[in-house]
Amino acid sequence: MSPRIALVGQMAAGKSSVGRALAERLGVAFVDLDEAIVARAGRSIEAIFALDGEAAFRALEREELTRQLGARPGG
């Protein structure tokens with residue numbers, strides 16, 4: 001199983017940029033959690049916040065992070 005690393009920090013702190021560079025260096029796949037949430041929810045982060053609120057977004061975020069960290073390569 002390839003390593004699983006989660007970068008945590010403030011919005012616009014550069015997590016995605018650092019994550020992409022780290023994944024490339026380690027030779028593993030990179031997953032942008034916001035992009036994964038948008039794909040699963042079928043709407044933008046802004047729409048989720050506006051329609052459902054921050055608590056609902058954070059719940060989606062936890063669910064997707066758990067799913068991603070528990071995922072097996074190729075599946």
Side-chain angles (χ1 to χ4, degrees):
M1 177 184 256
S2 60
R4 305 267 192 240
I5 299 170
L7 301 178
V8 180
Q10 297 294 324
M11 292 183 343
K15 297 178 299 292
S16 293
S17 297
V18 170
R20 281 185 181 90
L22 181 59
E24 183 177 330
R25 181 163 180 128
L26 294 174
V28 298
F30 170 75
V31 175
D32 184 299
L33 198 59
D34 284 349
E35 291 174 6
I37 291 167
V38 167
R40 283 188 66 138
R43 54 194 168 136
S44 69
I45 300 296
E46 294 81 9
I48 295 168
F49 266 84
L51 297 172
D52 303 326
E54 183 176 358
F57 171 75
R58 297 299 174 202
L60 289 171
E61 191 175 49
R62 280 189 302 278
E63 290 169 15
E64 187 61 24
L65 179 60
T66 299
R67 191 176 84 74
Q68 291 294 332
L69 290 176
R72 299 274 183 237

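We count residues from 1, following the sequence as given. All values below come from the heavy atoms of this structure, side chains included, with hydrogens, waters and symmetry mates left out.
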Of all residues at least two apart in sequence or in a different chain, which pass the side-chain hydrogen bond (donor to acceptor under 3.5 Å, both in side chains) check with R25? none
Report the residues that fulfil salt bridge (Lys or Arg N to Asp or Glu O under 4.0 Å) with D34, sequence neighbours left out, ordered by chain and then residue number. none
Can you hop from L26 to V31 via hydrophobic side chains spaced under 4.5 Å? no
Not counting sequence neighbours, which residues clear side chain to side chain contact (heavy atoms under 4.5 Å, CB included) with R40? List them please. E64, R67
Between the CG atom in L22 and the CD1 atom in I5, the distance rounded to the nearest 0.5 Å is 4.5 Å
By side chain to side chain contact (heavy atoms under 4.5 Å, CB included), which residues pair with V38, not counting sequence neighbours? I45
Summary of side chain to side chain donor-acceptor pair (under 3.5 Å) pairs that have at least one residue in residues 9-19, sequence neighbours excluded: S16-D32
Validation row: R43, I37 side chains within 4.5 angstrom (heavy atoms): no
With sequence neighbours left out, the residues meeting salt bridge (Lys or Arg N to Asp or Glu O under 4.0 Å) with E46 are none
Set of side-chain hydrogen bond (donor to acceptor under 3.5 Å, both in side chains) partners for E63, sequence neighbours left out: none
Please identify each residue that fulfils side-chain hydrogen bond (donor to acceptor under 3.5 Å, both in side chains) with E54, with sequence neighbours left out. R58
With sequence neighbours left out, write down each residue that passes side chain to side chain contact (heavy atoms under 4.5 Å, CB included) with A6, or none if nothing qualifies. L65
F49: ring pair (Phe, Tyr, Trp, His ring centres under 6.0 Å) partners, not counting sequence neighbours: F57
Sequence neighbours excluded, every pair satisfying ring pair (Phe, Tyr, Trp, His ring centres under 6.0 Å) that has a member inside residues 23-42: none
Considering all heavy atoms of both residues, which atom of A41 and which atom of I48 are nearest to each other, and what is their separation? CB-CD1, 3.8 Å
